[in-house]
Amino acid sequence: MAGYPPGLVLGRQVTLGALQLGVVDGAGVAWSVGKDGLGGWAGPATRTQYSDRQADHGVWAGRTYLGARVITLAGTITAPDLAALDGAVEQLLDAAAITDTTLTVAETIPKQVVVRRSGEPLVSYETDRVARYSVMLTAEDPRRYATVLQTGTAGLPTSSGGVTLPITLPLTIPAGSSASTITLTNAGSIATCPLLTVAGPAPGFTILTQYPDATVRALTYSDALLAGEVLTIDTATHTVTLTGGVSRRRYLSGQWPQIGPRQSVTVSWTSPAYDPAALLTASCRSAWM
């Protein structure tokens, strides 16, 4: 592959951190992903518990969950010379970090997971220009997420209407209301969890997630949020943090929302007092098993 023009696509494209595989890079190094070079991408192991049925055939099955997603990324590096090959291997070892790193696979709908190195990297020099590699990576969250982040914002609902003095009887009072809402859609095959942030001021608030069957899940925050403060509610990890990382979990109560597979929800919010500066932001990514 050495000598092939930079930018040439070599098959399946995978990005690990800043390292792009499946292409020839600007230094003329060809990064290929092997035919079986994405082990574990198709799906993680499952975990459940089974109890034998007494006086009957079979077992009783508990709830089934996905385990961590363990991915083996493998392929070949072909470089113009030994120095370029050595440099490429160092790029690979740097990209397979022991800290959270995004792994993206260019499918028809591109998907990503957050991984860390979880095994010994294997590099075998075939010649002074060709090396084979294999790195083991683990995603603690097994879901494969869309690379596109859906985000929407909503102010507090406002009311309008009323009369202006002086008035003449009989009187008809037109009244109306407008409420800003956010629609989030999960096009995937497994439930995804939205991230919610609220910018103050608000003396407290309730976030409402409405489902297609008209059921609603509510999260109520009972403490005051001052102007300039931002509260982050991570419904995946069940954490609630104020600006600067201070936990405010004890002030939140209610039901944590999820967005089911191939489902859309509507998110809105209310507060005892209206302030035009208060703002709710909701975001999510579609998720696949």
Side-chain angles (χ1 to χ4, degrees), residues 9-23 25 31-48 63-77 91-123 133-151 184-197 232-239 256-263 265 282-289:
V9 175
L10 302 176
R12 174 72 75 188
Q13 295 182 70
V14 177
T15 303
L16 179 61
L19 179 62
Q20 187 172 3
L21 309 175
V23 298
D25 67 18
W31 300 84
S32 67
V33 178
K35 181 179 65 175
D36 300 318
L38 267 177
W41 184 251
T46 58
R47 54 185 175 86
T48 190
R63 296 190 64 178
T64 301
Y65 297 93
L66 298 178
R69 184 181 295 270
V70 180
I71 298 170
T72 301
L73 183 60
T76 303
I77 306 170
Q91 289 183 60
L92 174 67
L93 299 179
D94 183 57
I98 59 174
T99 54
D100 286 349
T101 305
T102 300
L103 173 74
T104 304
V105 178
E107 301 177 315
T108 302
I109 301 176
K111 301 178 184 69
Q112 66 181 44
V113 293
V114 176
V115 299
R116 295 183 183 184
R117 184 196 297 186
S118 56
E120 177 187 357
L122 302 177
V123 178
Y133 67 88
S134 177
V135 293
M136 181 177 291
L137 309 164
T138 297
E140 60 179 87
D141 182 346
R143 300 171 183 85
R144 297 176 298 150
Y145 289 100
T147 57
V148 177
L149 178 67
Q150 301 175 57
T151 302
L184 298 175
T185 300
N186 178 13
S189 59
I190 192 171
T192 190
C193 301
L195 181 70
L196 309 169
T197 62
T232 300
I233 303 172
D234 190 331
T235 66
T237 60
H238 293 187
T239 57
W256 299 97
Q258 286 188 333
I259 308 172
R262 294 169 291 278
Q263 185 179 69
V265 300
S283 61
C284 78
R285 297 179 190 270
S286 294
W288 285 263
M289 287 191 287

Could you go through Arg69 and Arg144, starting from their C-alpha distance and side-chain angles, then the distance that decides it, and tell me whether this counts as side-chain contact (heavy atoms from CB on, under 4.5 Å)? CA-CA 9 Å; Arg69 184 181 295 270; Arg144 297 176 298 150; 3.6 Å; yes
[X] versus [Y], closest heavy-atom pair with distance:
| X | Y | result |
| --- | --- | --- |
| Val113 | Ala139 | CB-CB, 4.2 Å |
| Pro261 | Ser189 | CB-C, 3.5 Å |
| Gly22 | Val33 | N-CG2, 4.4 Å |
| Gly67 | Pro142 | O-CB, 3.1 Å |
| Leu21 | Tyr133 | CD1-OH, 3.7 Å |
| Leu19 | Leu92 | CD2-CA, 3.8 Å |

Drop me the distance from [X]'s [atom1] to [Y]'s [atom2], to the nearest 0.5 angstrom.
| X | Y | atom1 | atom2 | answer |
| --- | --- | --- | --- | --- |
| Leu10 | Ser32 | CG | OG | 6.5 Å |
| Glu140 | Arg116 | CD | CZ | 6.0 Å |
| Arg117 | Leu93 | CZ | CG | 6.0 Å |
| Leu16 | Asp94 | CG | CG | 9.5 Å |
| Leu137 | Thr72 | CG | OG1 | 8.0 Å |
| Thr147 | Ile109 | OG1 | CD1 | 9.5 Å |

Main-chain N/O of [Y] paired to [X] side chain as donor or acceptor, under 3.5 Å:
| X | Y | value |
| --- | --- | --- |
| Thr101 | Thr99 | yes |
| Asn186 | Gly260 | yes |
| Arg285 | Gln150 | no |
| Arg143 | Ala191 | yes |
| Thr48 | Arg63 | yes |

Checking side-chain hydrogen bond (donor to acceptor under 3.5 Å, both in side chains) for the pair Glu107/Trp41: CA distance, chi angles, key distance, verdict?
-> CA-CA 12 Å; Glu107 301 177 315; Trp41 184 251; 2.9 Å; yes
Before giving the answer on side-chain contact (heavy atoms from CB on, under 4.5 Å), spell out for Ile71 and Leu38 the whole-Å C-alpha distance, their side-chain angles and the decisive distance to 0.1 Å. CA-CA 6 Å; Ile71 298 170; Leu38 267 177; 4.2 Å; yes
Applying side-chain contact (heavy atoms from CB on, under 4.5 Å) to Gln13 and Val23, what does each step give before you reach the verdict? CA-CA 7 Å; Gln13 295 182 70; Val23 298; 3.4 Å; yes
#### Entry: Derivation of the side-chain contact (heavy atoms from CB on, under 4.5 Å) call for Thr235 and Gln258
CA-CA 8 Å; Thr235 66; Gln258 286 188 333; over 6 Å; no
